[in-house]
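Here the structure comes first, spelled out in structure tokens, and everything after it is commentary.
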Amino acid sequence: MDEAVESWQSKIRTLASAIEHAEFGVFKADADVKRLQAQLELKAMSIDKRISAQKIIAENDDRLYQARLDYGMAKGALSGLKIQLRSVEVGFDEWRTKNANMRNERTRYGA
């Protein structure tokens, strides 16, 4: 029984490490988007003084578009890992319930 619990815990620990890296990836990608956008808007200031024009110029840059796609990919990877973790948790809960039911049956019928 302890080996089975350790197996479930091992699966969760493995996913926890991957989730940690994915969380960092999301925060880094978000910071990259904000930093690049600020740099592009600052550069656009030499072209046009209006804030709305600076935003439009920055938004039309392919690098900002790619940075946003990278952010979306990081968020998607994190979501996928969280779903895997939830799947392991559901599997563990099902395993635990089956074991509890088997113990109750053995107690009830004296097996």
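L15 and L78 end up in the same hydrophobic cluster when Ile, Leu, Val, Met, Phe, Trp and Tyr side chains are linked at under 4.5 Å. One hydrophobic cluster, built from ILVMFWY side chains closer than 4.5 Å, holds both W95 and V88. Linking ILVMFWY side-chain heavy atoms closer than 4.5 Å, directly or via other members, places I19 and I12 in a single hydrophobic cluster. The same ILVMFWY cluster, assembled from side-chain heavy atoms under 4.5 Å apart, contains both V33 and L36.
Rounded to the nearest 0.5 angstrom, R68 CZ and D30 CG are separated by 10.0 Å. Taken to the nearest 0.5 Å, the CG atom of L40 stands 6.0 Å off from the CG atom of L64. Separation of atoms CH2 (W8) and CD (E89) is listed at 11.0 Å; rounding is to 0.5 Å. Atoms CD and CE, on E41 and M45 in that order, are 9.0 Å from each other to the nearest 0.5 Å. How far NZ of K43 is from CD of Q54: 13.5 Å, rounded to the nearest 0.5 Å. Taking CZ of F92 as the start and OG of S7 as the end, the distance is 10.5 Å to the nearest 0.5 Å.
Side-chain contact between S17 and R13 is absent, with no heavy-atom pair separated by less than 4.5 Å. Taking the side chain as every heavy atom from C-beta outward, K82 and E23 approach each other to under 4.5 Å. Residues N60 and I56 form a side-chain contact, since some pair of their non-hydrogen atoms from C-beta on lies under 4.5 Å apart. Here the side chains of Y71 and D32 are not in contact, with every heavy-atom distance at 4.5 Å or above.
Looking at K55 and E59, no side-chain N of the basic residue comes within less than 4.0 Å of a carboxylate O on the acidic one, giving no salt bridge.
Counting all heavy atoms, side chain and backbone alike, A29 lies closest to A74 at CB-CB, 4.3 Å. A22 and L81 get closest at one heavy-atom pair: CB-CD1, 3.6 Å.
With S79 contributing its side chain and K75 its backbone, the two residues share a donor-acceptor pair below 3.5 Å.
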For side-chain hydrogen bond (donor to acceptor under 3.5 Å, both in side chains), just list the numbers for R63 and Q37, CA-CA rounded to whole Å, side-chain angles, deciding distance to a tenth of an Å, and then say yes or no.
-> CA-CA 9 Å; R63 293 174 294 169; Q37 186 171 5; over 6 Å; no

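When only modelled atom types and interatomic distance are considered, E105 and N101 share no side-chain donor-acceptor pair under 3.5 Å.
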